[in-house]
Amino acid sequence: SLLRELTAFEIQAINYGAKTGMLTSELVRQFTYLAGKKKTFNPVVYYSLERLFEKYRTDDILSAICSLLIKGMKRSGKYFKWFRLGVLSQLKINGLYEYYMYSINDDYKDAIDHPVMLYYVYNSNLSEQKMALLYANIIRNKNYHENIYKSYYRRMELFAKRMLERHQISDSLAQLYNEFASRIMADEAMVEHLPYVIFRNEISCANPNMVSVTILYKELETEETIQLVEGKARLDIYSQNYEIFFNDAFGNRYIESVKYELKPYLDPKEYAGFCLEKSRHPMLLLYMYDCLCSKRTQQQMERETIELIERVLEIDGLAREVKNHCLVTLIRHYDETDNDERLEACLDLLDLGCLAPEERTGHIILMINRSYYDKALKAIELFGFEELPLNILIRLCSGWLHDYGTEEKQPVLLSICYFIFANKKYDDIILAYLVKFYRGTTSSVLSLLQAVKGFELDSCKLAQRLLV
């Protein structure tokens, strides 16, 4: 053959001959040989070899194609068919099995070819992403390759634990975590890492104008923003009470006008209950709290999950409404169990302004019945005492005056005391306090003077205030 080298002219001439079918078998063999010797990838040479393989389908041409692609570091999924053919033809090319795995698509569902599985029993020179893909494929097809599965079992388990320690997740890794769930959950050190992956979701948005996504939870005061990479991002979804916003490059936010898909990697229900025994991760606590709020009655929740609610209260950045809801539940429980120390601590944290009027009144009554008179008086100063029963007000005033004495003038307390007096339901200590500090209309002071006559109280100062 006159073909000794592949310059630009020869490459174009051979390409034309391959298109038109004008090449002889000897010329095809010589071209294939020279193509396999090339040190760099040439697209025209590749296309020529592709056409020639369709016609002759020889191992030499296939070997030249695979060698050329490897030299060009071609890892795209469109080249997978060539590497697979090379493996099935048992070609001896350095890097062939690696490029088989590099070029395989992440959503490849068929079983990876048996020679590749055997090869990687003794070789592990793959990226972690591709190694996870290989292991997931072996697990998915373990019923057809039981011996291979057994050979890989220990390596796959160690790999899954190593990835879990680094809080990595993907479709392939999710399959590994599910496969080794029982062994992972038997390892206390591993369980602590599960909350970082079990709530992870992949969000996909086809709108090219969106640059990031923001998620906001009802349970938290803060929001989280994640950058979109090729229209995708990973979010942790651990409650039903969330809103998702998309952001463009100018800072504008979009809700309903931008369509998206949300795909979970794992099912939290399979792991969360077990993790709760070992972990106090905020996402796990909020997930369990959300499950309890949405699926159980208030009575059951109080009886079974007080410890969980106590843990939820320790979460930083907890929204005021959720914090109050937790506190109300705990206050009811501590009141029923006579845990005065914790009851008082919860009442100190409770924001009465977030409660409905009827519920707020109930908590003020609780403070008075539990002799937390100072707390009750501060609450009344903010919200008034009009809804409180008269007997509760009498208990408040008598209790406060008994604990703190009658030496200090408290305007709110004085108003309550006179309200009690006006309703003719007073005692000597309330009357003494009014005598000491009350100033009002002439008729009201006269009424007070008349009431004092039945008690052994010094009314001189009250009479002087009437004259002045």
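Other residues, nucleotides and ligands contribute only 12 or fewer heavy atoms inside 6.0 Å of the CG atom of Asn94. Remark: Glu223 CD is packed, more than 12 non-hydrogen atoms of other residues, nucleotides or ligands lying under 6.0 Å away. The number of heavy-atom neighbours closer than 6.0 Å to OH of Tyr404, taken from other residues, nucleotides and ligands shown, is above 12. More than 12 heavy atoms of other shown residues, nucleotides or ligands fall within 6.0 angstrom of atom CD in Glu221. When the shell of 6.0 Å around NZ of Lys38 is examined, it contains more than 12 heavy atoms from other residues, nucleotides or ligands. More than 12 heavy atoms of other shown residues, nucleotides or ligands fall within 6.0 angstrom of atom CD in Glu386.
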Q.
Test salt bridge (Lys or Arg N to Asp or Glu O under 4.0 Å) on Glu387 and Arg360; report intermediate values, then the result.
A. CA-CA 10 Å; Glu387 301 299 324; Arg360 181 166 55 239; over 6 Å; no

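Here Glu179 pairs with Ile139, Lys142, Tyr149 under the side-chain contact (heavy atoms from CB on, under 4.5 Å) rule; sequence neighbours left out. Checked against side-chain contact (heavy atoms from CB on, under 4.5 Å), Asp236 has the following partners two or more places apart in sequence or in another chain: Phe199, Arg200, Tyr238, Met283. For the ring-ring contact (aromatic ring centres under 6.0 Å, His included) test, residues two or more places apart in sequence or in another chain that qualify with Tyr135 are Tyr152, Phe159. Scored by the side-chain contact (heavy atoms from CB on, under 4.5 Å) test, Ala233 finds Ile203, Val213, Ile226, Leu228 as partners (sequence neighbours excluded). For Ile70, the side-chain contact (heavy atoms from CB on, under 4.5 Å) partners two or more places apart in sequence, or in a different chain, are Phe83, Ile93, Tyr99. Evaluation of the ring-ring contact (aromatic ring centres under 6.0 Å, His included) rule for Tyr254 yields no partner, not counting sequence neighbours. Residues forming a ring-ring contact (aromatic ring centres under 6.0 Å, His included) with Tyr100 (at least two apart in sequence, or on another chain): Phe80. Remark: Tyr119 pairs with Tyr97 by the ring-ring contact (aromatic ring centres under 6.0 Å, His included) rule, at least two apart or across chains.
Between Lys378 and Asp374 a salt bridge is recorded (basic side-chain N to carboxylate O distance below 4.0 Å). Between Glu157 and Arg154 there is a salt bridge, with a side-chain nitrogen of the basic residue lying less than 4.0 Å from a carboxylate oxygen of the acidic one.
Taking CG from Leu164 and CD from Glu192, the interatomic distance works out to 11.0 Å, rounded to the nearest 0.5 Å. If you take CG on Asp290 and CG on Leu285, they are separated by 12.5 Å, rounding to the nearest 0.5 Å. Rounding to the nearest 0.5 Å gives a distance of 8.5 Å between CZ of Phe31 and CG of Leu23. One distance of note links CD of Glu98 with CG of Asn123; it measures 6.5 Å at 0.5 Å rounding. To the nearest 0.5 Å, atom CZ of residue Arg311 and atom OG of residue Ser279 are 8.5 Å apart. If you take CG on Leu349 and SG on Cys326, they are separated by 11.5 Å, rounding to the nearest 0.5 Å.
Sorted by first and then second residue, the salt bridge (Lys or Arg N to Asp or Glu O under 4.0 Å) pairs with a member in residues 202-216 read Glu202-Lys263; sequence neighbours excluded. Residues in residues 64-82 take part in these side chain to side chain donor-acceptor pair (under 3.5 Å) pairs, two or more places apart or across chains: Tyr46-Trp82. Within the structure, salt bridge (Lys or Arg N to Asp or Glu O under 4.0 Å) contacts touching residues 100-118 (residues at least two apart or in different chains) are Arg84-Asp113, Asp106-Lys130. Every pair tested for side chain to side chain donor-acceptor pair (under 3.5 Å) that includes a residue from residues 53-64 fails, sequence neighbours excluded, so the list is empty.
Within the 4.5 Å cutoff, the side chain of Lys259 has no heavy atoms near those of the Asn207 side chain. With contacts defined as side-chain heavy-atom distances shorter than 4.5 Å, the pair Lys323/Leu313 qualifies. Counting only heavy atoms from C-beta outward, the side chains of Met190 and Glu165 approach each other to under 4.5 Å. Put simply, the side chain of Ile112 does not reach to within 4.5 Å of the side chain of Ile138, judged on heavy atoms. You'll find the side chain of His167 reaches within 4.5 Å of the side chain of His193, heavy atoms only. Put simply, the side chain of Arg51 reaches to within 4.5 Å of the side chain of Asn15, judged on heavy atoms.
A donor-acceptor pair under 3.5 Å links the side-chain atoms of Gln168 to the main chain of Arg166, judged by distance alone. For the pair Asn252 (side chain) and Asp248 (backbone), a donor-acceptor distance under 3.5 Å is absent.
Looking at Glu219 and Ser239, their side chains do bring a donor and an acceptor atom within 3.5 Å of each other.
Between Tyr196 and His281, the two ring planes are perpendicular [angle over 60°; tilted spans 30° to 60°].
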